[in-house]
Amino acid sequence: MTCYQTIANPLMLLLASRLDEGGRLPEAELWALLGGATGLVLLGAGLMGCYMVPEYRKTFYKHKPLKTLIQWMWTERETCAFGEGPDGSRADVVDFAAWTWPPSDQVRAWLEEGWAKWEK
């Protein structure tokens, strides 16, 4: 998320300065503040990378396409905001957009298996 914000913030500030017809925004101060904050983010990310145990750096981030991520969440993930175990993780998956769900036969089988237990 920080990567997106680091890219989006200058664009939002540029748009705000273009829409500010009255010149009420202190543009120089805002750009300086944004520059300082961006510098701190980059410094923090660099320091984190330097001080992270080298063997664990590869576990910090691994790019997964959305389809692969959803499949991993459906089959392997054990903990999420909805609880522990595969049921919590699968509930998290089906709470997301329906077009990202695993194949419908897997979802149907999981729902049929647990429906009576969840209705109690």
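Rounding to the nearest 0.5 angstrom, the gap separating the CG atom in D20 from the CG atom in L15 is 11.0 Å. Between the CH2 atom in W72 and the NZ atom in K64 there is a gap of 5.5 Å [rounded to 0.5 Å]. One finds the CE atom of M73 at 9.0 Å from the CG atom of L66 (value rounded to the nearest 0.5 Å). Rounding to the nearest 0.5 Å places CG of L34 at 9.0 Å from CE of M12. Interatomic distance, CG of L69 versus NZ of K62, reported as 11.5 Å (0.5 Å rounding).
Summarising the local packing, CD of E21 is surrounded by 12 or fewer heavy atoms from other residues, nucleotides or ligands at distances under 6.0 Å.
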Q: Report the C-alpha separation of N9 and T38 in whole Å, then their side-chain angles, then the decisive distance to 0.1 Å, and conclude whether the side-chain contact (heavy atoms from CB on, under 4.5 Å) test is met.
A: CA-CA 9 Å; N9 282 339; T38 302; over 6 Å; no
Q: Could you walk me through whether D87 and K117 pass side-chain contact (heavy atoms from CB on, under 4.5 Å), step by step?
A: CA-CA 11 Å; D87 282 342; K117 175 176 63 172; 3.0 Å; yes
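Across every non-hydrogen atom of R77 and S89, the tightest pair is NE-OG, 2.9 Å. G88 approaches C80 most closely through the heavy-atom pair O-SG, 3.2 Å. Residues P102 and V93 approach most closely at CD-CG1, 3.7 Å, considering heavy atoms.
By the 4.5 Å heavy-atom criterion applied to side chains, K67 and T100 are not counted as neighbours. With a 4.5 Å cut-off on side-chain heavy atoms, L13 and E27 do not count as touching. You'll find the side chain of Q106 reaches within 4.5 Å of the side chain of Q71, heavy atoms only.
Partners of T79 according to the side-chain hydrogen bond (donor to acceptor under 3.5 Å, both in side chains) rule, which considers only residues two or more places apart in sequence or in another chain, are E84.
One hydrophobic cluster, built from ILVMFWY side chains closer than 4.5 Å, holds both L43 and Y51.
For residues 82-120, the set of pairs meeting the ring-ring contact (aromatic ring centres under 6.0 Å, His included) definition, not counting sequence neighbours, comprises W74-W110, W110-W118.
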